[in-house]
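Here's the structure, in structure tokens; my notes come after.
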Amino acid sequence: MSNNDNQGIAFGAVFAAGGSTAIGAAIVFFPKLVKLASRKVLASSLGISAGVMTYVSFVEIFQKSVGAFDEMNEKKILDDDKRSGRANLYAALSFFLGVLIMMSIDVIIKLLSKSETANSHDHHDISATLNKVENAEEVADPRGDLENWQKKQAQDEKFDEDIEKVEAPRQENVEKEIEDKKLIKMGMQTAVAIALHNFPEGLATYVAVLDDPKVGAVLAIAIAIHNIPEGFCVSLPIYYATGDRKKAFMWGALSGLTEPIGALLGYLVLANSVTQASYGIMFGLVAGMMVMISLKELLPTAYRYDPADTVVTNSLVVGMFVIAASLILFVL
């Protein structure tokens, strides 16, 4: 497998997928667009991504792991059945090692967010923010609200009104500060969680494109689709707490930068050890990590936005159909 010619394409696909997080984060510059982020839109996009990633992991990436291990033992084990069994064993071990890595990442995320969340997915839920937006007649600018309150507080202090009129805004100020701190912390925790999960996604995209740019491109698109809502899951809480668009956008965009780091790891591993064994292990790891991301991150979050399952399952099937059709058309 000599795929050096695809390295530039692979890194390009990774940067494009990771960069889509910045597209989602940029929603803070267009507050009225938040209304487009309905629960069904989010649930559907996550379902489609989960379908693509799950299907391609089992049907394409895992099979490439098996094929690499089978080719590795082609001269050592002459019996076809025995060689196939050994290849499937090694691929399965690599697959579950990828699963274990993702479970370890979830444990790290739980430890980082232990004080605020009961499970590792709560920081992805922006239902409260969406409720605030959906119930409003029009999307308010948090910066404007903050400035209006500050002017009111300055007037209260200037005219030195009676103690009841002064204490009320002060109490409101304290409650607002507490709420803002919670929003900022939620945004930061979400950024860390997404950054940790984006690392294996970068590795997966790089390895997939390196082996087959067409398959890798479809996987990169699926990752990009769910990276967009991840971007505004980071930026919106920070924006609503601070009113600072640039700061909110920066944190949302930065959470996607770990994908190129994951690709760099894949490059370093494969550059120093271009063997069938290294490819088999990498493909197995990627398949396991992608399946876990789909089952433990994308689908639970999708069902949180769509508890009645009006679009999630259908979107999952659509995602599988799209990647299946793509794989078939690529070889026709």
Side-chain angles (χ1 to χ4, degrees), residues 1 3 6 9-10 12-14 16-17 20 40-71 84 87-88 91-92 94-96 98-99 102 197-198 200-230 259 263 266 279-280 282-303 305-306 309-332:
M1 290 185 185
N3 298 295
N6 295 335
I9 300 174
V14 172
S20 64
K40 285 189 177 181
V41 171
L42 288 171
S44 182
S45 65
L46 292 170
I48 290 172
S49 295
V52 170
M53 292 168 65
T54 303
Y55 187 93
V56 78
S57 294
F58 282 121
V59 174
E60 188 74 15
I61 298 177
F62 182 79
Q63 297 306 318
K64 288 183 180 297
S65 177
V66 174
F69 283 121
D70 185 80
E71 192 171 339
S84 177
N88 276 279
S94 300
F95 177 91
F96 286 108
V99 170
M102 293 309 304
H197 281 108
N198 280 350
E201 289 178 1
L203 175 62
T205 304
Y206 177 81
V207 172
V209 175
L210 198 65
D211 181 74
D212 189 337
K214 295 177 181 178
V215 174
V218 176
L219 179 61
I221 291 172
I223 291 174
I225 288 173
H226 77 253
N227 276 354
I228 292 175
E230 285 181 353
E259 290 204 14
Y279 273 105
M282 291 294 284
F283 281 124
L285 287 174
V286 165
M289 291 188 292
M290 289 295 95
V291 169
M292 280 300 289
I293 289 172
S294 298
L295 299 183
K296 206 168 188 299
E297 283 294 322
L298 302 186
L299 287 177
T301 307
Y303 283 118
Y305 292 128
D306 180 29
D309 190 18
T310 59
V311 297
V312 175
T313 300
N314 291 336
S315 298
L316 179 74
V317 174
V318 168
M320 291 184 176
F321 177 80
V322 168
I323 184 62
S326 299
L327 293 174
I328 294 170
L329 291 174
F330 286 153
V331 297
L332 289 180

Examine distances only and state if a side-chain atom of [X] and a backbone atom of [Y] form a donor-acceptor pair shorter than 3.5 Å.
X	Y	value
D70	A87	no
S20	A17	yes
D306	K40	no
S57	M290	no
S65	F283	no

Run the numbers on I293 and M102 for side-chain contact (heavy atoms from CB on, under 4.5 Å), then give the verdict.
-> CA-CA 7 Å; I293 289 172; M102 293 309 304; 3.5 Å; yes
Kindly give the heavy-atom pair with the smallest separation between [X] and [Y], and that separation in Å.
X	Y	answer
A50	S294	O-OG, 3.7 Å
L298	M53	CD1-SD, 3.8 Å
A43	V312	CB-CG2, 3.9 Å
Q63	F58	NE2-O, 3.5 Å
A91	V66	CB-CG2, 3.6 Å
V218	S326	CG2-CB, 4.0 Å

Are side-chain heavy atoms of [X] and [Y] found at a separation under 4.5 Å?
X	Y	answer
V322	I48	no
F69	N88	no
L219	E60	no

Kindly compute the distance separating [atom1] ([X]) from [atom2] ([Y]), expressed to the nearest 0.5 Å.
X	Y	atom1	atom2	answer
Y279	K64	OH	NZ	11.0 Å
I323	T54	CD1	OG1	11.0 Å
I228	I223	CD1	CD1	13.0 Å
L210	I9	CG	CD1	10.0 Å
S94	F62	OG	CZ	8.5 Å

Can M282 and L203 be said to form a side-chain contact (heavy atoms from CB on, under 4.5 Å), step by step?
-> CA-CA 9 Å; M282 291 294 284; L203 175 62; 3.2 Å; yes
Any donor-acceptor N or O pair under 3.5 Å, side chains Y303, T313 = yes
Take E259 and N227 through the side-chain contact (heavy atoms from CB on, under 4.5 Å) test and state the conclusion after the steps.
-> CA-CA 11 Å; E259 290 204 14; N227 276 354; 2.8 Å; yes
Go through the steps for F95 and V291 under the test side-chain contact (heavy atoms from CB on, under 4.5 Å), then give the verdict.
-> CA-CA 9 Å; F95 177 91; V291 169; 4.0 Å; yes
